[in-house]
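Notes follow once the structure below has been shown.
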Amino acid sequence: MTRIATWNVNSLKARLPRVEEWITLAQPDILCIQETKMKNEAFPTEAFTALGYESVHHGQGQWNGVAIISRVGIKNVTSGFDDLEDPYEGDARLIAATCGGLRTVNVYVPNGREVPSEFYDRKLLWLAQLKNWLTTTSSSKDSVVVLGDFNVAPEDKDVWSMEAFAGLTHVTKLERAAIAALEEWGLSDSFRQLHQEDGLYSFWDYRGGDFHKKHGMRIDLVLASKAVEKRVISALIDRDARKGEKPSDHAPVVIELSD
DNA sequence: ATGGTAGCGCTGCTA
């Protein structure tokens with residue numbers, strides 16, 4: 001069995017004790033984290049080594065930053081869109097590696113801020129470029145997972161209230177079409193494969209007591225190629241990780257694959 | 001109730 005997870009930690013410096021605690025408890029084989037908010041030289045490699053994990057980080061500084069933490073090996077590491085143009089040039093939003101035979105693509109999709117805005121336009125371009133990059137660097141016939149914080153809620157039932165999101169990012173037709181385009185390439189939403197009900201969220205804004213009001217969104221996704229889809233045996237969102245002292249505003253999403 | 005909270009880093013930006 002292989003257990004893979006994605007978690008937007010909202011600053012690895014602020015969250016390291018909780019990340020270490022969660023790894024010990026949840027025992028992921030591969031953990032993809034987003035928003036490390038640190039430079040590569042500040043990345044706490046030794047903390048993960050001490051837990052039995054290798055790690056690679058594509059960091060930036062005070063914003064963004066993505067890392068893969070694995071106890072099943074890390075090979076063929078790449079970051080960004082390689083030679084393709086990045087609509088968010090300079091941002092550290094993508095790192096990919098092969099971990100235990102699984103091509104693992106960890107993404108932190110741009111937020112988009114407002115509709116309309118040039119940030120929103122570039123979010124759509126970024127998602128389109130992600131598909132182009134996948135097409136040129138991978139085969140959907142292989143074992144591929146594209147996982148991370150997509151900053152898109154794929155369906156109405158993935159947000160607590162569509163009325164509250166009228167006119168906002170994360171739920172627009174074009175953002176959802178960009179996710180659908182990734183799925184057309186040959187990926188499927190592993191969590192929805194096993195759970196169809198509403199009210200299952202992975203993010204709650206810190207503001208306004210949203211977590212306690214159950215005002216959440218499901219924007220952290222694990223998109224799996226067909227070869228991986230066949231192996232999915234469980235999927236969960238670890239809401240407990242959103243509780244207690246100094247939680248991230250996101251909960252980890254955990255998928256288990258049969259061998 | 002257009003406030004509210006968190007992180008970075010030191011003033012305001014980002015989410």
Side-chain angles (χ1 to χ4, degrees), chain A residues 6-22 32-44 47 57-67 86-94 106-127 130 147-154 158-172 174-176 178-179 201-221 237-253:
Chain A
T6 177
W7 190 12
N8 181 323
V9 298
N10 185 21
S11 169
L12 185 56
K13 182 164 178 274
R15 216 69 60 209
L16 184 60
R18 290 203 55 139
V19 173
E20 291 172 308
E21 179 187 47
W22 188 82
C32 292
I33 61 174
Q34 303 86 37
E35 286 208 84
T36 59
K37 295 186 175 179
M38 58 173 53
K39 295 182 185 300
N40 283 337
E41 48 265 43
F43 188 80
H57 180 226
H58 177 40
Q60 181 184 338
Q62 69 186 118
W63 292 307
N64 310 308
V66 283
D86 188 337
Y88 273 80
E89 186 62 47
D91 282 10
R93 295 183 176 275
L94 191 160
N106 178 17
V107 297
Y108 176 45
V109 176
N111 173 285
R113 300 192 192 184
E114 293 178 344
V115 192
S117 71
E118 62 105 359
F119 296 95
Y120 172 74
D121 293 342
R122 287 194 284 125
K123 176 184 192 175
L124 297 174
L125 289 172
W126 198 94
L127 283 164
L130 174 58
L147 69 170
D149 179 356
F150 282 77
N151 271 314
V152 179
D158 292 319
V159 296
W160 66 275
S161 159
M162 276 304 286
E163 289 73 28
F165 282 92
L168 302 182
T169 57
H170 295 60
V171 299
T172 65
L174 291 175
E175 288 167 290
R176 288 174 171 176
I179 301 301
Y201 309 130
S202 64
F203 165 79
W204 301 259
D205 202 301
Y206 286 125
R207 294 169 287 190
D210 276 4
F211 180 71
H212 300 286
K213 292 185 205 163
K214 304 187 191 300
H215 291 184
M217 318 175 72
R218 192 179 70 92
I219 57 176
D220 299 276
L221 310 176
I237 300 172
D238 188 358
R239 289 182 76 257
D240 288 344
R242 181 65 173 78
K243 301 174 181 172
E245 288 280 302
K246 280 175 75 72
S248 170
D249 43 2
H250 293 251
V253 180

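What's counted below: heavy atoms across the whole structure, side chains too, no hydrogens, waters or symmetry copies. Within every chain, numbering begins at 1; the chains are lettered A, B, ... in the order of the sequence lines, protein sequences first and strands thereafter.
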* To do: Please state the P separation for the pair B:dA15 and B:dA1 - nearest whole angstrom.
  => 29 Å

* I would like to know whether A:W22 and A:D238 meet side chain to side chain donor-acceptor pair (under 3.5 Å); could you show each step before the answer? => CA-CA 10 Å; A:W22 188 82; A:D238 188 358; 2.7 Å; yes

* Structure fact -> Considering only heavy side-chain atoms of A:Y108, the closest of B:dA15, B:dC8, B:dG7 is B:dA15

* Asked: Hey, is the main chain of A:I219 close enough, under 3.5 Å, to the side chain of A:S202 for a donor-acceptor pair?
  -> yes

* **Presence of A:K246 side-chain N/O under 4.0 Å of B:dG7 phosphate oxygens OP1/OP2** => yes

* Rounded off to whole Å, could you give me the CH2-to-C1' distance for the A:W63 and B:dG7 pair? => 11 Å

* When you match A:D205 and A:T36 each to their closest nucleotide on DNA chain B, which lands nearer the 5' end? -> A:D205

* **Whole-Å distance separating the CD atom of A:Q34 from the C1' atom of B:dA6** => 18 Å

* To do: Give the C-alpha distance, both sets of side-chain angles, the deciding distance and a yes or no for side-chain contact (heavy atoms from CB on, under 4.5 Å) between A:K123 and A:N111.
  => CA-CA 7 Å; A:K123 176 184 192 175; A:N111 173 285; 5.8 Å; no

* Proximity to the side chain of A:R207 - top-ranked nucleotide from B:dA6, B:dA15, B:dC8 -> B:dA15

* To do: Take atom NZ of A:K39 and atom C1' of B:dG7, then tell me their distance rounded to the nearest Å.
  => 16 Å

* **For atom CG of A:N8 and atom P of B:dT14, their distance in whole Å** => 17 Å

* To do: Let me know the distance between NZ of A:K213 and P of B:dA1, rounded to the nearest Å.
  => 13 Å

* Asked: Between A:R113 and B:dC13, is there a side-chain N or O to OP1/OP2 distance below 4.0 Å?
  -> no

* **Euclidean distance, atom CD of residue A:E245 to atom P of B:dG7 [Å, nearest integer]** => 11 Å

* Asked: For B:dA6, does OP1 or OP2 lie under 4.0 Å from any side-chain N or O of A:S248?
  -> no

* Round to a whole Å and report the spacing from CG of A:L12 to P of B:dC8. => 10 Å

* From B:dA15, B:dC8, B:dT5, pick the nucleotide closest to the side chain of A:R93? -> B:dA15

* Touch check for A:F203, heavy atoms < 4.0 angstrom, all strands: base, sugar-phosphate only, or nothing? -> nothing

* Given DNA chain B, 5'-ward residue of the pair A:G208 and A:P247, judged by closest heavy atom -> A:G208

* State which residues pass side chain to side chain contact (heavy atoms under 4.5 Å, CB included) with A:A178; sequence neighbours excluded, sorted by chain then number. => A:L127

* Asked: Quick one: salt bridge (Lys or Arg N to Asp or Glu O under 4.0 Å) pairs with a partner in residues 9-22 of chain A, sequence neighbours left out?
  -> none

* Mind calculating the distance between CG (A:D91) and P (B:dC13) to the nearest angstrom? => 17 Å

* Considering only the P atoms, how many Å lie between B:dG7 and B:dG3, rounded to the nearest integer? -> 23 Å

* Asked: What distance, rounded to whole Å, do you find between the two C1' atoms, one in B:dT14 and one in B:dG4?
  -> 16 Å

